[in-house]
Enquirer: 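Submitted below is the structure of interest, expressed as structure tokens.
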Amino acid sequence: RDDRVKAVDFGLAKDMFATALTRPGTRLGTPYYMAPEQWGNNDMDARCDVFSLGATLYHLLVGEPPFLGRDAAEVGRKILAGDYTPPRRVVPELPDELELVIHQMLQAERRFRYPRMKHCADDLRRVLAGEQPRVPALVETAGKPVTHALLPQRQFTIGRDPGSDIHLTDPTVSR
């Protein structure tokens, strides 16, 4: 009510002086917000936080976490596959540019995510300023601009042919 945001529930805080945090083989974290690399015995870096923030932002905007399942194992499978509903399908009034940033944050393969939170924050600032984020995308400028995310793990056919995944009407575009 007073225009302040409060972050709570830092349930996993590491005691830097402790010799062990938990038993070996135990998974730590809230499954809905865990990056794919946290679901296995993988190296982790700042891109885990980018993923978790992306899942949190998605939840704030859509009203539910991006990866839902009956149990933690199903949630984990969806996270590893990058299987979530695009946010604009649930909330059509979200700006295309914001959806692009969320897609970049939620990439299942970390090498395609923002490498640092600063890059993510810069793109969120661009979106707030009404600018295009620096996410790979195809922008149709004929008529009302339409943006198509060109992110890994998705395959598109682009052209004027009606069977194209991304159908461009511009006559200068080849079939």
Side-chain angles (χ1 to χ4, degrees), residues 7 10 12 14 27-69 71-141 145-159 163-168 173:
F10 293 101
L12 289 178
K14 182 175 182 180
R27 183 173 291 119
L28 294 175
T30 305
Y32 299 120
Y33 309 100
M34 289 172 58
E37 52 272 27
Q38 291 177 285
W39 288 89
N41 191 17
N42 303 301
D43 291 333
M44 290 174 261
D45 59 23
R47 292 170 288 191
C48 286
D49 294 334
V50 170
F51 184 93
S52 295
L53 181 63
T56 301
L57 180 58
Y58 182 105
H59 191 159
L60 288 169
L61 294 169
V62 172
E64 64 185 22
F67 306 96
L68 294 173
D71 54 31
E74 185 178 353
V75 171
R77 281 190 297 278
K78 287 184 175 184
I79 287 173
L80 289 167
D83 180 18
Y84 65 95
T85 303
R88 291 193 72 237
R89 196 171 298 156
V90 182
V91 184
E93 60 273 10
L94 284 179
D96 288 341
E97 297 79 11
L98 182 56
E99 183 175 67
L100 287 174
V101 173
I102 292 169
H103 284 317
Q104 185 83 21
M105 295 172 80
L106 293 179
Q107 284 298 297
E109 193 168 334
R110 71 178 171 179
R111 67 187 173 120
F112 297 123
R113 268 182 246 143
Y114 290 100
R116 291 185 171 58
M117 197 62 79
K118 179 191 180 326
H119 298 112
C120 178
D122 289 345
D123 264 356
L124 288 170
R125 280 189 205 95
R126 284 184 192 92
V127 169
L128 287 172
E131 301 169 6
Q132 279 291 111
R134 294 190 177 157
V135 175
L138 171 68
V139 180
E140 287 186 69
T141 56
V146 179
T147 304
H148 306 280
L150 298 177
L151 295 169
Q153 300 173 332
R154 296 181 68 193
Q155 187 174 16
F156 300 103
T157 304
I158 300 172
S164 296
D165 294 340
I166 299 176
H167 182 82
L168 304 176
V173 174

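Keep in mind it's a predicted model, so treat the numbers as computed, not measured.
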Enquirer: To check you understand the geometry: which heavy-atom pair defines the closest contact between P86 and E99, and what is its length?
Expert: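 Reported closest heavy-atom pair: CB-OE2, 3.5 Å.
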Enquirer: Which heavy atom in L80 sits nearest to a heavy atom in P36, and how many Å separate them?
Expert: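 Looking at all heavy atoms of both residues, the closest pair is CD2-O, 3.5 Å.
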Enquirer: Measuring only between side-chain heavy atoms, which start at C-beta, is V135 closer than 4.5 Å to Y114?
Expert: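 A side-chain contact exists here, since the closest heavy-atom pair is under 4.5 Å.
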Enquirer: Return the set of residues passing side-chain hydrogen bond (donor to acceptor under 3.5 Å, both in side chains) with Y84 (not counting sequence neighbours), or none when no residue passes.
Expert: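 In terms of side-chain hydrogen bond (donor to acceptor under 3.5 Å, both in side chains), with neighbours along the sequence ignored, Y84 is linked to H103.
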Enquirer: Nearest heavy-atom pair of P87 and V62: which atoms, and what distance?
Expert: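 That closest heavy-atom pairing would be CB-CG2, 3.8 Å.
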Enquirer: Is L106 close to I79 at the side-chain level, that is, under 4.5 Å between some pair of heavy atoms?
Expert: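 No, too far: nothing below the 4.5 Å cut-off.
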Enquirer: Where do P66 and A55 come nearest, in terms of heavy atoms and distance?
Expert: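 What the structure gives for the nearest pair is CD-O, 3.6 Å.
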Enquirer: Check whether any side-chain heavy atom of Y32 sits under 4.5 Å from a side-chain heavy atom of L68, and report yes or no.
Expert: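 Answer yes - side chains close enough.
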Enquirer: Working to the nearest 0.5 Å, report the span between CZ of F67 and CD of E74.
Expert: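 Here the interatomic distance stands at 12.5 Å.
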Enquirer: Distance from R125 atom CZ to C120 atom SG, nearest 0.5 Å?
Expert: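 Between atom CZ of R125 and atom SG of C120 there are 10.0 Å.
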Enquirer: Do Q132 and E97 touch side chain to side chain, with heavy atoms closer than 4.5 Å?
Expert: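 Result yes, sub-4.5 Å side-chain heavy-atom pair found.
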Enquirer: Check whether the side chains of H59 and Y33 place a donor and an acceptor atom closer than 3.5 Å, and report yes or no.
Expert: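 Present: a donor and an acceptor within the cut-off.
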Enquirer: As an exercise, state the distance from CG of D45 to CZ of R116, rounded to the nearest 0.5 Å.
Expert: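 D45 atom CG to R116 atom CZ measures 9.0 Å (nearest 0.5 Å).
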Enquirer: Heavy atoms, side chains only, cut-off 4.5 Å: are P136 and Q104 in contact?
Expert: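 SC-SC contact between P136 and Q104 confirmed.
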Enquirer: Indicate the atoms forming the closest heavy-atom contact of A46 with P115, along with that distance.
Expert: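 Result for this residue pair: CB-O, 4.3 Å.
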Enquirer: For D96, enumerate each residue passing the side-chain hydrogen bond (donor to acceptor under 3.5 Å, both in side chains) test, keeping only those at least two apart in sequence or located in another chain.
Expert: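 By the side-chain hydrogen bond (donor to acceptor under 3.5 Å, both in side chains) rule, D96 matches R88.
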Enquirer: Looking at A108 and E37, what are the two nearest heavy atoms and their distance?
Expert: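 A108 and E37 have their closest heavy atoms at O-OE1, 4.5 Å.
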Enquirer: Has R47 got a side-chain atom pairing as donor or acceptor with R113's backbone, closer than 3.5 angstrom?
Expert: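 The answer is no, because no donor-acceptor pair under 3.5 Å joins these two groups.
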Enquirer: Is the closest side-chain heavy-atom distance between L98 and L61 below 4.5 Å?
Expert: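 Touching, per the 4.5 Å side-chain cut-off.
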Enquirer: Quick check: do Y58 and T85 have side-chain heavy atoms less than 4.5 Å from each other?
Expert: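 Heavy-atom side-chain distance check passes, below 4.5 Å.
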Enquirer: For the CE atom of M105 and the CE atom of M117, what is their distance to the nearest 0.5 Å?
Expert: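 Spacing of CE (M105) from CE (M117) equals 6.0 Å.
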Enquirer: If we only count heavy atoms from C-beta on, is the R110 to N42 side-chain gap below 4.5 Å?
Expert: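 Answer no - side chains too far apart.
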